[in-house]
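A, B, ... follow the sequence lines: proteins, then strands. Residue 1 opens every chain. Predicted model, so just to flag it, every value in this text is computed and none were measured.
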Amino acid sequence: MGNTGHGETFLFWVGSIISILGALGLIFSKKIVHAALCLCTVMLCLAFFYMAQGAVFLGVVQIVVYTGAVMMLFLFVLMLIGIESQDSLVETIRGQRWLAVPFVLAFGFVLIGVYAHANLPEFVGTDAANAKGGGNVQSLALLLFSRYFWAFEVSSAVLITSATGAMVLTHRERTVPRKSQREISIERFERWGKGEKVSLTGLPNPGVYAQHNAVDTPALLPDGSPSEASVNATLRGRDTVRGFRPLPLPGARRNGAAVASRGDAGNEEVSQ
Amino acid sequence: MHAVYPLVLGALLFAIGLYGVLARRNAIAVLMAIELLLNAVTLNLVSFSAILRDRYGMGQIFTLFIITIAAAETGLGLAIVLLVYRQRATADLGEQRALAEPVEPVTADELSPRNVEAEVAR
């Protein structure tokens with residue numbers, strides 16, 4: 001490669017535009033999942049830049065560690081918190097956006113001043129440096145295991161510590177022993193004996209394969225109406241129970257009227 | 001291609017990430033904006049490494065270390081976010097006010113017209 005050619009310049013312009021758009025999407029998208037995907041785009045573009053500049057190993061590390069591990073960690077936590085979580089884009093400080101404009105201008109002027117004074121040469125890749133050490137990976141390894149050996153060891157200690165810390169933070173100790181199925185059953189019958197309304201037989205399964213292959217689908221009772229108890233209480237509480245289309249049962253009269261929407265699906269009385 | 005363009009791109013990404021850190025309120029979005037900041041810095045490091053022909057043998061190595069530290073930081077940060085979400089049922093940074101000073105409620109007595117007039121007269 002040596003000096004950067006036209007193809008590389010073209011790649012840079014395309015990639016820089018995409019990465020700037022991705023960064024803007026990161027801060028302006030309402031859904032956090034979209035923001036995460038935008039950040040993935042930025043990281044992939046940067047990985048392409050690294051490879052184009054001759055830092056091949058860094059490009060691979062960027063894709064594997066950042067896009068592969070760190071962003072997937074973000075997505076895992078997003079799923080735990082709720083994939084639908086949204087961020088309100090209302091300003092926290094009044095006039096924040098208008099205040100940002102003079103700061104951006106000032107920053108731009110500083111940037112222009114600094115870079116105009118800097119004596120920057122024509123851009124070249126890292127090939128010359130790579131060739132000196134006998135390849136990108138070899139030269140990196142030579143530095144990593146000689147001059148920066150101590151920093152390498154310390155960073156491994158940091159990684160271990162953070163992994164331990166994350167485990168300690170998210171660990172929950174069970175204070176009472178877990179109830180066995182037998183104990184739960186006995187308890188249920190005792191509650192029933194006191195006159196509470198408990199279903200002794202256990203709850204019906206969700207209507208998987210009845211109409212839709214998902215757990216938020218209510219099961220259908222013999223008369224064709226959806227059974228409220230068949231859907232998880234959390235889903236019912238969030239009001240995300242999937243609506244159902246009444247099956248054309250022969251001889252069933254109430255089918256025609258019951259066109260249930262999302263909210264109505266779980267509202268009917270359980271009549272088993 | 002002039003060497004200034006990658007540097008300008010890094011600066012732009014850094015500025016956008018900084019705005020994201022300040023403006024977003026969801027804790028995960030703030031962490032992602034921090035990742036964007038780190039990425040901008042690594043882009044600058046690699047660019048300078050290429051410009052200076054890796055004369056000091058620092059740019060790429062430092063980028064490796066930054067990626068390592070960023071992975072550690074993300075793991076811990078997300079664990080903290082998860083803990084906060086478990087205890088408070090929200091990851092909104094604006095809602096975390098457990099350590100804030102309590103706002104003293106205004107009593108009805110203070111708001112009565114007589115007292116307000118006395119306040120104005122004084």
Side-chain angles (χ1 to χ4, degrees), chain A residues 4 8-9 12 16 19-20 23-24 26-27 32 35-36 39 42-43 46 49-50 53-55 58 61-62 65-66 69-70 73-74 77-78 80-81 85 87-88 92 96 100 104 107 111 115 120-126 128-129 140 143-144 147-148 151 155 158-159 162-163 165-166 169-170, chain B residues 1-9 11-13 15-17 19-20 22-26 28-29 31-33 35-36 39-40 42-43 46-47 49-51 53-55 57-61 63-65 67-76 78-83 85-86 91-92 94:
Chain A
T4 50
E8 211 175 323
T9 312
F12 174 78
S16 59
S19 58
I20 288 287
L24 286 177
L26 166 69
I27 58 171
I32 311 287
L39 188 55
V42 177
M43 286 171 174
L46 292 193
F49 290 160
Y50 295 164
Q53 288 174 8
L58 269 187
V61 165
Q62 171 94 0
V65 176
Y66 253 131
V70 172
L73 198 62
F74 270 110
V77 176
L78 262 184
L80 287 176
I81 283 185
S85 67
D87 203 1
S88 70
T92 33
Q96 186 183 19
V104 165
F107 179 68
L111 200 66
Y115 283 156
L120 291 171
E122 194 68 14
F123 198 78
V124 290
T126 47
L140 268 184
L143 276 174
L144 196 60
R147 202 199 295 178
Y148 295 104
S155 72
V158 167
L159 269 183
S162 85
L169 278 178
T170 51
Chain B
M1 187 174 69
H2 201 264
V4 81
Y5 297 128
L7 303 181
V8 169
L9 176 66
L12 279 178
L13 287 181
I16 293 173
Y19 185 82
L22 294 177
R24 294 307 292 249
R25 284 200 261 170
N26 192 302
I28 295 186
L31 275 179
M32 285 197 290
E35 294 300 313
L36 186 61
N39 264 296
T42 54
L43 178 67
V46 176
S47 302
S49 151
I51 290 167
R53 295 165 193 265
D54 218 6
R55 197 183 300 155
M58 275 160 62
Q60 297 187 42
I61 294 282
T63 307
L64 267 183
F65 283 132
I67 289 176
T68 315
I69 299 299
E73 169 249 327
T74 312
L76 265 185
L78 286 177
I80 291 173
V81 170
L82 211 56
L83 203 64
Y85 180 76
R86 267 192 204 152
D92 195 333

Output all residues satisfying side-chain hydrogen bond (donor to acceptor under 3.5 Å, both in side chains) with B:T42, sequence neighbours left out; order by chain, then residue number.
A:Y50
Part of A:A163 lying under 4.5 Å from any heavy atom of chain B
neither
At a 4.5 Å cut-off on heavy atoms, which part of A:A23 comes close to chain B: side chain, backbone, both, or neither?
both
Top contributor to chain A interface from B:A11, B:G20, B:G75, B:A72 [non-hydrogen pairs under 4.5 Å]:
B:A72
Is chain B contacted by the side chain of A:L39, its backbone, both, or neither, given a heavy-atom distance below 4.5 Å?
side chain
Side chain from CB out, backbone as N, CA, C, O: work out which of these in A:Y148 comes under 4.5 Å of a heavy atom of chain B, or both, or neither.
both
Heavy-atom contact with chain A under 4.5 Å, split by part of B:L83
side chain
Is B:A91 in contact with chain A via its backbone, its side chain, both, or neither, using a 4.5 Å heavy-atom distance?
side chain
Part of A:L140 lying under 4.5 Å from any heavy atom of chain B
both
In this structure, OH of A:Y66 is separated from CG of B:N39 (nearest 0.5 Å) by 4.5 Å
Is there side-chain contact between A:L46 and B:L13, with heavy atoms separated by less than 4.5 Å?
yes
Measure distances from A:F74 to the heavy atoms of chain B and classify the residue's part below 4.5 Å as side chain, backbone, both or neither.
both
